[in-house]
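As structure tokens, the structure follows; a few thoughts come after it.
Just so we're on the same page: letters track the sequence lines, and every chain starts at 1.
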Amino acid sequence: MSFYLRALRHGVLRLFTLPRLSLPILLTLSLTLAAVLAVVAMSSHLIFKPLPDIKDEKNLYVINRTMAVSEDMRVSMFTAKRLALLAEQYKGYGQFAAYQADESAVTVNETNYPVSRFDASHNFMPVVGGTLLLGEQPNNVNTQNSVWISQSLWQSAFQKSVNAIGQTLQIEGTSLQIRGVVSDFSSFNSDNDEKYAQQVWRYYDLAEKAAMPTQMSINGSLLPLFRQTERAFTADDMESFWQQYYLDQGEQLGPMKQMFESMAPESTATLYRDNLMEDQQTMLLFLLATVVILLVMASLNLLNLFIAHYQQREQEFATQLCMGASRNKLLVMSFLENLSTFLLAAVLGLLGAAWLIRLLPIISGGNIAMLELVQIDAITIAVAVAIVLIINLFFAFLSTRQFDQTQLISNLNNGNKGVNAGKVTRLSQVLFIAQLSSAAVILTGTAMLANTAYDKLNIHLGFEPGNTLIANVRLQNNDDPVLNTAEIEEQAKQDPIATEQKTKQRYQGALEIKNQLEQAVLQVQPGITSLQSQGEPFNFNTVINMTEDEQTRERFTYMTINIAPDYLQTYKLNLLAGQNMSQTQYQNLEPVALINETFAKQLSTDGTIESVIGKEVSLRQIIGVVADNYTIMAKDQGYPTMLYSYSHDAPNFGITLAMQLPPGQRFDKHAIMHAIKYAHPQVIEVDARTLDERWDEQVMPQRVQFYFISALSLLTLLLAAVGSNGMAMSFTELKRFELAIRMATGASRLNLMKRTLKSFNGLLLSALAIAITLACGLYLTLQSAIPLLPAFSWQALTIFTSLLIAIVFSAIVLVVWRIINADPMRALREQ
Amino acid sequence: MTALVTINNINKVYSKGQVKTHALQDVSLTINKGEFIAISGASGCGKSTLLSILGLLDTPTDGHYQLANIDTQSLKIDQRSSVRNKHIGYVFQSFNLIDSLTVFENVALPLEHRGALSSTIKAAVEKQLAAVNMGARLDHKPNQLSGGQQQRAAIARALVGNPDLLLVDEPTGNLDSQNGDAVMQLLLDLNKQGATVVMVTHDERYSQMAQRQIRLFDGKVLVEHQEAVA
């Protein structure tokens, strides 16, 4: 058998005969590779591969004009009408389309299916992508009261029967006829909604929307798309459209124009892929950097093990050299010996990555788009093989090059001139410092991220949510034809008095229905207390308004909450000035309002919040000022808010039932929803969730992030512990002879321990100092380059660094103690 | 004469898998204070094992060992270290000097572990190194010394703590005849000054110089011969 074949065979056998070498390699490398390969697979699919469903993505753009409704939220200012006008103006540039996606549910043959609902222009398939599998292409004639379903929904609801065409399904209380089946669409963002392959599509004619009345509101989630066929559409084109739009529609828009322009509008034209992936790209790069550092740490750990292994084989190497083997030949021998172990680690890593990828959509909590498409592909496999081959080559090189050839051969002839006291090689020292530095870099990053995530999870809300259930009830409008907001706004302009009366009547009617529904709820769960207030302090159903100060002409943007007199007491909110809304004011529908402290400070002319009491804002008299609290719009608790009864507002064909139970008691949600649904004929749909549930949903991304970061930190600490353990073992093994001699001359174990640690401390302290300095410096440099990174926190750094030091020190103490207790004097006896 | 060492029916068995090797079988021995004993025998007969047990570097599988009225059987690890430090000086065949330490530091080890004052250590080490004629090599590292010099440093280390028992493993094994003779003379001189010496050697010539010669064969005491005390 040739020299190299023997090395290869030896390597395969070593998998079983030398588990103390092969097992740590397989475990450490395969686990780390699993993480690396999962991220590589994600990057390969999400960054480098073309988007599925999208035709010629290089020419498809998202064109938008957005406004900032809060520091961390921008919404589109486009409505279908505005986009239709834009499409008309720029039709020479290319084709325009639009869609918006929401989470919804459909009923087919009395079975409910959760779906993603798309409202899209009927040219979506030819302009954007997707395929019609069955039925008719949507056009400007067949879209009315019609729906197209996706392949997955066709499969689950109709078992792919061609008879599905022409049947009806119910969505949000409306019956629609199925006109066709389209391919599943996956290249979209779901924001906080669940993404489903079961989808329904409602199409509309974009051109027709141009004739709609000018709307005074926006829905914020319409995504305007442009396919370039002739000319590029630029942000400047968008700007000029809006300027023209203000000129043409300014009168109808009224104060909306000022509101739009006061909220930091921004025009953009970005590739559809970039728009879909921009957040993911940063996250993936962060993940990639993290797993690469982890891989480096794991490799350094293993390298220590390898060096220790090859040091034990020094005699063998010396003999090989004496017999004429070149150093390159020894390198190849070492490479081949380890090849089987490394390839097996790659296979295990790929299996781990495949498993991890299946968990990713759950781990990410829907924060990374299109994870369901990620899988192990040829690129991932190639990367896995390349990584292990490179590491193997590097290890073989370092393991064999660490020996000094002359020294090796002289060792063979050495006549026992003293005992090698065991010095840690420069290479081992550098490796140890590199290991701790890698750990410190990751830990510094994770410390800051964990700190931020923890802060986001432990927010002072400024109120007590209590054991509260909120049931959103959608009502059928029996009296009037269903008008959209723009049409109602138009009606209000034409006949304000009649419209207000109608609004009040509708409100009173809604309150009556509310009473009936509350009675029905009480029958199924008598312990429930129904609240008058329909709004809640998180303000999950945010409505933004704008007002103008009559004296200063200054404009203010604020959000509203629909309250009643019981609101402050229910949620334990502090009244800072003025008084609460009285029952009389509430029942008589008096136009009074409370505002929060931030809003009061904005409105105040003399700096005191008391001075705003009695002031009129948006036709309502301010009677009190309440303390700011956390809302989903303003996480720093500082968004201007007005709290009043929505008695005069335009109807939204829905009411909210807020109810409470004593702490610890559980709502029977199923029974409550059932009771509400059948308590009144106008009820179309009910959705009931407790505030705790909604809060959990709200902070789920932060919670997932916190768990992920914590897991990453633990893995880092584990690798640091393993690395320190390996280093200490290698160091103490080298010192074993010295320890034996000291023990033979009477040193106690404690004494030996102290001495060993003392000799190790210099390296440990300098390694930690270098590592922490490097990590802090690197983080601060990165932070100045990437503003998204959380602020540097000394407190978080101290906690994580203390953990690192404690773990490293414990790992060293344990291994030293173990070796001291393992009869080091055997070395002397066995001479 | 006062007995310093008493061993009764010492056995030492090494097991590797199913194979058991009896390194020592029912060895009993008494060593009196001031004696010079040479243990000899063929390679693998158990002489180094016996010396390791005497030096508390190893424990017998069974049997009883008493040193300076201390029952060593019940001693814990650190107590054994303490007994070794106070009562035993051990000279290893391959000297076992620590490369990174100077001759002075190597010799000082037993006193350091005893917690002696620096001044005491300095005086004792210098005196001991002078006694073995190594006073000029205090600051040398072991690899800067010849074999004979390393052996003398190792003996100085063994003696620096004034042990009751000096155990010497093949003191001349790694030395040329000239250095071997010198080291042997040094041991004889130490014995004359009152030191109790137990020496393992395979060299008949040096073995003959001891007061008592014990010959081991396959782990058993084969012959015991005592010279008439002059």
Tightest non-hydrogen contact, residues A/A747 and B/S81, listed as O-OG, 3.1 Å
Closest non-hydrogen atoms of B/D78 and A/R749, given as atom of the first, atom of the second and distance, are OD1-N, 2.9 Å
dist B/H113:NE2 -> A/M743:CE (nearest 0.5 Å) comes out at 10.5 Å
Scored by heavy-atom pairs under 4.5 Å with chain A, the best of B/P110, B/A158, B/A154 is B/P110
* NE2 (B/H202) with more than 12 external heavy atoms under 6.0 Å -> no
Between A/I741 and B/N96, the two heavy atoms sitting closest are CD1-O, 3.0 Å
Ordered numerically, the heavy-atom neighbours of chain B under 4.5 Å found in residues 750-758 of chain A are A/N751, A/R755
Whatever's closer than 4.5 Å to a heavy atom in chain A on B/L51 counts as neither
Residues B/N85 and A/G746: closest non-hydrogen pair is CB-CA, 3.4 Å
With sequence neighbours left out, the residues meeting ring pair (Phe, Tyr, Trp, His ring centres under 6.0 Å) with A/F395 are A/F306, A/F342
Cut-off 4.5 Å, heavy atoms of chain A, and the answer for B/R80 is neither
List the atom pairs, with distances to 0.1 Å, where a side-chain N or O of residues 119-131 of chain B and a protein N or O form a donor-acceptor pair under 3.5 Å, not counting sequence neighbours.
unit_1: B/K122; atom_1: NZ; unit_2: B/E126; atom_2: OE2; d: 3.1

Those residues at least two apart in sequence (or on a different chain) that pass side-chain contact (heavy atoms from CB on, under 4.5 Å) with B/F217 are B/L222
